[in-house]
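Counting starts at 1 for both ligands and their atoms, in listed order.
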Amino acid sequence: MPRDIEALVAQMTLEEKAGLCSGQDFWHTKGVSRLGIPGVMVCDGPHGLRKQDQTGDHLGLNDSIQAVCFPTACATASSFDRDLLRALGEALGDACQAEDVAVVLGPAVNIKRSPLCGRNFEYFSEDPYLAGELAAAHIHGVQSRGVGASIKHFAANNQEYHRLTCSAQIDERTLREIYLPAFETAVKREQPWTVMCSYNLINGVYASQDPWLLTALLRDEWGFEGFVMSDWGAVDDRAAALAAGLELEMPGTYGHSADAQIVRAVREGRLSEKVLDRAVARLLRIIFRYTDNRRAAVFDKDAQHALATQMARESAVLLRNRDRALPLTENARVAFIGEFAQKPRFQGGGSSHINAHRISSALDAAAGLPGVCYAPGFPADKDEANPQWVAQAVALAKESQAAVIFAGLPDIFESEGYDRQHMRLPDCQVALIRAVAAVQPRTIVVLHNGSPVEMPWAQDVSAILEMYLAGQGVGQAAVDLLFGRANPCGKLAESFPLRLADNPSYLNFPGDGDRVEYREGVFVGYRYYDAKEMAVAFPFGHGLSYTTYRYGNLRFDKQTLSATETLTVQVDVTNTGAVAGKETVQLYVADHTGAAVRPPKELKGFVKLSLAPGETKTATFTLDERAFAWYHTGLRAWRCAAGAYEVLIGASSRDIRLTGHVTLDTPPLPLRVDTNTRVETVLNHPLLAGVAQEYRDHAFPPDEREKTDVAKAAINEEMEHRTALEAPLRSARSFGQLTDEELQAGIDRFNRLLQGE
Ligand code: BGC
């Protein structure tokens with residue numbers, strides 16, 4: 001029988017209700033035993049379960065239980081694989097049920113604005129569509145197991161610098177188009193049980209107490225039904241936060257300040273008790289959704305380890321493969337160089353840090369390969385060259401058939417809590433890569449990093465395999481890929497600029513003190529590099545394979561569509577090589593209507609196909625109005641202009657294989673004409689063009705436009721026409737022959753026509 005939540009709330013005292021709105025401790029909500037209300041546990045993820053005991057701390061200093069460390073989001077995003085993210089969510093959900101955890105904190109979907117953000121390894125992408133799709137799949141998986149997800153950090157937490165006090169200054173269009181859609185997709189599609197607000201302020205208001213963000217947008221517009229919890233320590237004014245729509249403050253304040261603030265605010269009439277009751281009801285609904293539906297689950301760590309390894313294999317991105325340097329043959333004499341081969345870096349520091357139950361290093365995984373030998377080359381944990389190690393590594397590389405350098409960022413270079421200072425690998429690693437490449441033409445670099453690095457040495461090596469922070473199965477996955485037991489199929493979920501200074505946020509990251517201006521607007525990542533026609537090291541969506549794919553037969557179910565219709569796009573892809581592989585087919589939309597300043601193209605669909613050699617499959621995409629739209633700040637609504645669009649099908653954002661055209665037949669924007677409306681607007685408007693031309697001929701009679709040759713040279717007819725289009729209607733008074741009365745009559749007539757009269 002469903003519980004009567006309202007009746008339960010009615011039995012609670014003011015103190016009990018206020019108490020429920022903050023944690024019992026670091027990881028539990030409070031229970032009210034006299035009413036049978038249990039406390040439940042929430043735990044970090046999101047790429048594994050970090051269950052700590054009572055002495056827990058969110059910086060990962062204390063131990064948590066052993067769990068399986070899956071690849072972090074920077075890696076899993078490169079899989080472009082919704083099924084894989086769903087499987088991760090299911091595994092997390094099982095672990096939570098087995099360990100009695102009601103909510104796992106994640107996924108984290110903040111947009112990668114700058115490669116320097118210390119937490120980029122926890123985030124999916126620079127692209128909101130991709131981040132939203134993957135987050136939704138992750139949440140679906142978790143919640144299918146009767147456990148809640150907590151999508152975070154809502155919103156615009158794109159840097160660690162001053163993360164608790166800094167205001168992200170972002171215009172509404174940019175928020176709507178770049179920083180909010182991943183949350184929007186996940187909330188509308190999957191109803192995460194909880195949303196975690198971010199630490200920062202947005203345009204001067206703490207996210208934790210922003211009524212627009214937490215109520216108007218999240219609940220009224222998107223229909224969110226769960227509860228909002230704070231990031232750990234994000235609340236400034238508890239009563240204001242509750243009124244804005246923040247139900248749960250975490251961690252607990254041990255019954256003191258937070259609860260007392262709420263009680264006082266209610267008693268003093270500053271906070272309606274109804275608001276508190278509503279918050280408590282929201283909390284209880286989720287708490288009981290968990291406790292009333294407990295299910296038996298097994299946390300099978302060995303099975304999950306296999307999944308973690310599979311995910312690492314399917315997420316790795318082959319960035320470069322000159323002369324088919326990869327794959328290596330199993331009996332080749334290969335030098336493994338770099339301490340990461342022995343001590344891989346597979347996750348980042350901070351609240352997401354998992355106590356991995358098993359770790360597979362590349363050296364362990366290569367144990368059965370007779371030709372593999374090892375030299376440490378450089379330390380994994382610091383930037384410190386060791387001349388003896390270098391000499392030994394170079395000698396080993398020289399006498400081998402290939403050298404594989406396991407490079408990456410030491411832990412200290414990127415973490416939750418602070419941003420990176422630069423985008424380089426440690427100098428000792430760069431020097432070693434160059435030294436080895438100078439003696440060994442088949443030099444391969446395997447990268448372990450949570451965010452792009454500059455690679456001035458890229459052309460000197462034969463191959464680059466980006467593993468990212470690939471979880472506890474990283475070593476096995478890398479060896480499987482290097483030796484061709486598996487075929488790389490990851491694609492970059494972010495652009496790799498040639499240098500940090502190329503990044504669009506460069507001049508405004510991380511801001512000055514307590515404000516960071518998002519001046520690049522919607523031009524984030526590839527949206528900027530494409531608009532500027534800039535070379536990049538590796539573009540968004542890029543990733544090579546040991547096989548090749550042919551794209552063909554692009555078709556649409558219609559050439560013209562209205563705002564309420566959908567467009568079905570299909571394309572056939574054939575595996576033209578000798579090995580099986582998976583290809584992510586990407587769909588981008590380009591707006592050619594000229595109605596708004598827009599990026600040259602934006603990702604609006606992707607399909608990952610698994611193809612045997614010679615096999616052909618069809619990728620099918622469905623596009624709705626939103627796929628063509630931009631956010632119109634005047635209307636405060638999504639809007640797509642009528643006119644021409646291109647649909648681009650690519651193997652990456654810079655490897656477009658096929659292009660098709662489609663026309664949108666949408667109603668024109670609402671318009672009211674006045675003296676400052678431009679001539680062009682009325683002349684080009686389908687309802688007004690005829691009358692506009694009449695007025696034009698009257699104001700500027702064609703026979704009086706006759707000109708001498710000298711005058712024509714100064715401004716000929718075409719030049720005059722183009723100049724006139726720019727003018728406001730009132731110019732017909734100053735430069736033409738319209739009286740004030742005639743001008744006003746014309747304007748009235750236009751407005752009547754627009755009203756359909
Ligand atoms: C992080 C969150 C995390 C929480 C609990 C915070 O510092 O920003 O992502 O879930 O701590 O550990």
Side-chain angles (χ1 to χ4, degrees), residues 22-29 40-65 67 69-70 72-74 92 96 101-112 117-124 131 135 138-139 142 147-166 168 182-183 186 192-202 206-208 226-236 246 248-253 347-355 414-419 450 469:
S22 71
Q24 169 72 31
D25 52 36
F26 240 83
W27 303 115
H28 295 85
T29 62
V40 295
M41 185 171 204
V42 304
C43 275
D44 272 310
H47 50 266
L49 183 63
R50 193 173 70 105
K51 184 181 178 190
Q52 290 188 298
D53 61 21
Q54 300 303 333
T55 57
D57 73 289
H58 71 302
L59 293 178
L61 303 174
N62 292 332
D63 269 355
S64 48
I65 61 160
C69 180
F70 290 92
T72 63
C74 60
L92 283 172
C96 286
V101 172
V103 173
V104 61
L105 306 176
V109 302
N110 298 92
I111 293 297
K112 300 180 194 219
C117 172
R119 282 186 103 169
N120 274 0
F121 72 90
E122 289 184 65
Y123 300 150
F124 286 122
H138 175 122
I139 293 165
V142 170
V147 168
S150 187
I151 190 168
K152 65 188 186 183
H153 309 91
F154 189 54
N157 182 181
N158 310 100
Q159 63 188 49
E160 291 300 276
Y161 177 77
H162 290 183
R163 67 172 167 164
L164 283 109
T165 51
C166 186
F183 294 99
W193 291 12
T194 79
V195 167
M196 187 193 291
C197 80
S198 59
Y199 282 128
N200 49 286
L201 304 90
I202 301 171
Y206 273 109
S208 61
F227 71 77
V228 176
M229 74 171 92
S230 71
D231 198 345
W232 268 230
V235 174
D236 175 39
L246 183 129
L248 179 66
E249 171 171 8
M250 287 302 283
T253 49
Q347 64 174 328
S351 62
S352 66
H353 201 270
I354 305 300
N355 180 3
E414 60 182 348
S415 167
E416 177 180 345
Y418 55 90
D419 293 321
L469 301 182

Participant: Hey, is Arg163 touching ligand 1 through its side chain, its backbone, both or neither, going by heavy atoms under 4.0 Å?
Facilitator: side chain
Participant: Under a heavy-atom criterion of less than 4.0 Å, does Met196 contact ligand 1?
Facilitator: yes
Participant: Tell me the contacting part of Phe26 for ligand 1: side chain, backbone, both, or neither, using a 4.0 Å heavy-atom threshold, strictly below.
Facilitator: neither
Participant: What atoms of ligand 1 come within less than 4.0 Å of a heavy atom belonging to Trp27?
Facilitator: 5 (C), 12 (O)
Participant: Could you say whether the N/O atoms of Glu122 and ligand 1 ever approach to under 3.5 Å?
Facilitator: no
Participant: Just by distance, no angles: are the side chains of His153 and Arg163 close enough, under 3.5 Å, to form a donor-acceptor pair?
Facilitator: no
Participant: Counting only heavy atoms closer than 4.0 Å, does ligand 1 sit against the backbone of Glu160, its side chain, both, or neither?
Facilitator: neither
Participant: Using heavy atoms and a threshold below 4.0 Å, how should the contact between His153 and ligand 1 be classified: side chain, backbone, both, or neither?
Facilitator: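 It is the side chain that touches ligand 1; the backbone stays farther off.
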Participant: With rounding to the nearest 0.5 angstrom, report the OH to OG1 distance, Tyr199 to Thr165.
Facilitator: 12.0 Å
Participant: Between the side chain of Ser230 and the main-chain N/O of Ser208, is any donor-acceptor distance below 3.5 Å?
Facilitator: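 Between the backbone of Ser208 and the side chain of Ser230 there is no qualifying donor-acceptor contact (under 3.5 Å).
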Participant: For Asp63, is there an ion pair with Arg50 - N to carboxylate O distance below 4.0 angstrom?
Facilitator: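 So Arg50 does not pair with Asp63 through a salt bridge.
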Participant: Show which atoms of ligand 1 fall inside a sub-4.0 Å distance from at least one heavy-atom site of Arg50.
Facilitator: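 That gives atoms 12 (O) of ligand 1.
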Participant: With rounding to the nearest 0.5 angstrom, report the OG1 to CD distance, Thr29 to Gln24.
Facilitator: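 Atom-to-atom, Thr29:OG1 and Gln24:CD are 8.5 Å apart.
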Participant: Report the part of Arg119 (side chain from C-beta onward, or backbone N, CA, C, O) that has a heavy atom under 4.0 Å from ligand 1; answer both or neither where that applies.
Facilitator: side chain
Participant: Of the listed options (Val42, Asp44, Asn157, Leu105), which comes nearest to atom 3 (C) of ligand 1 when hydrogens are ignored and any heavy atom counts?
Facilitator: Asp44
Participant: As an exercise, identify every atom of ligand 1 less than 4.0 angstrom from a heavy atom of Glu416.
Facilitator: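 Selected atoms, number and element: 1 (C), 6 (C), 7 (O), 8 (O).
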Participant: Measure the shortest side-chain to side-chain distance between Asp231 and Ser198 over non-hydrogen atoms and say whether it is less than 4.5 angstrom.
Facilitator: no
Participant: Quick one: which of Thr194, Val195, Leu246 gives a side-chain contact (heavy atoms from CB on, under 4.5 Å) with Met229?
Facilitator: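 The passing option is Thr194.
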Participant: Go through ligand 1 atom by atom and flag the ones less than 4.0 Å from a non-hydrogen atom of Lys152.
Facilitator: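 Result: 2 (C), 3 (C), 9 (O), 10 (O).
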Participant: Under a 4.5 Å cut-off applied to non-hydrogen side-chain atoms, are Phe121 and Cys74 in contact?
Facilitator: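 Yes, at least one pair of side-chain atoms sits under 4.5 Å.
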